[in-house]
Amino acid sequence: MLRIRAVDGRGRPLPGATLEVAHAAAAAREPGLRGAQVTDPHGYAEFKTVFPGWSATRTVAVEVALFLAGTVHVGVLAFPETVIAQVAGLPAYRGNPVAHSPAEPAGVLHVVPRDRFDLNTGLLATITTTIDR
């Protein structure tokens, strides 16, 4: 699960914004994944997806675009390297090359395993994104 909260520079939620995410599938040879959600009254949008894959030219990241009041804000969400290393050992990701993080992320996700004893049960990633409007 990927949970994103959009807030303005004063920390107020941005309801009704459209958040679009895109990232590579688990195996680099598979087609990429894309989705969009509208933020709720508290500024949250949630996506049920897989951990991003990577290739020699694609980093481990989720690309995000936030559409609000005729403007678009774009960024890249980076994952902690400790989590990337754990995921790289899972069967679906073993064919990918050595992973690396993006150079200029829009923010670093807080990632926790849904079951702290079994990475295969999935992860919950949460980030608050501040938009200066």
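Cluster annotation: Val38 and Tyr44 are assigned to distinct hydrophobic clusters (Ile/Leu/Val/Met/Phe/Trp/Tyr, side-chain heavy-atom contacts under 4.5 Å, transitive).
Ring geometry for Phe51 versus Tyr93: interplanar angle over 60°, hence perpendicular rather than tilted (30 to 60°).
Arg5 is listed as a side-chain neighbour of Pro13, based on a closest heavy-atom distance under 4.5 Å. With contacts defined as side-chain heavy-atom distances shorter than 4.5 Å, the pair Ile4/Phe47 qualifies. The closest side-chain heavy-atom distance from Glu46 to Met1 is below 4.5 Å. Proximity of Val72 to Leu66: side-chain heavy atoms (C-beta onward) are nowhere separated by under 4.5 Å. The shortest side-chain heavy-atom distance between Arg34 and Glu20 falls under the 4.5 Å cut-off. For the pair Leu2/Val21, a side-chain contact is recorded, criterion being any heavy-atom separation below 4.5 Å from C-beta on. Annotation: side chain of Val64 is not in contact with side chain of Val76 (no heavy-atom distance under 4.5 Å). Using a 4.5 Å heavy-atom threshold, the side chains of Val7 and Arg12 count as separate.
For Thr39 against Ala6, the heavy-atom pair with the smallest separation is CG2-CB, 4.4 Å. Nearest heavy-atom pair across Ala26 and Val50 is N-CG2, 4.3 Å. In terms of heavy atoms, Ala45 sits closest to Gln37 at CB-CB, 3.9 Å. Smallest separation of non-hydrogen atoms from Val60 and Pro52: CG1-O, 4.1 Å. Of all the heavy atoms in Gly53 and Asn96, the pair that sits closest is CA-ND2, 4.0 Å.
Side-chain N or O atoms of Trp54 include one that pairs as donor or acceptor with a backbone N or O of Pro97 at under 3.5 Å.
Within the model, atoms CG of Leu19 and CG of Leu68 stand 9.5 Å from one another, a figure rounded to the nearest 0.5 Å.
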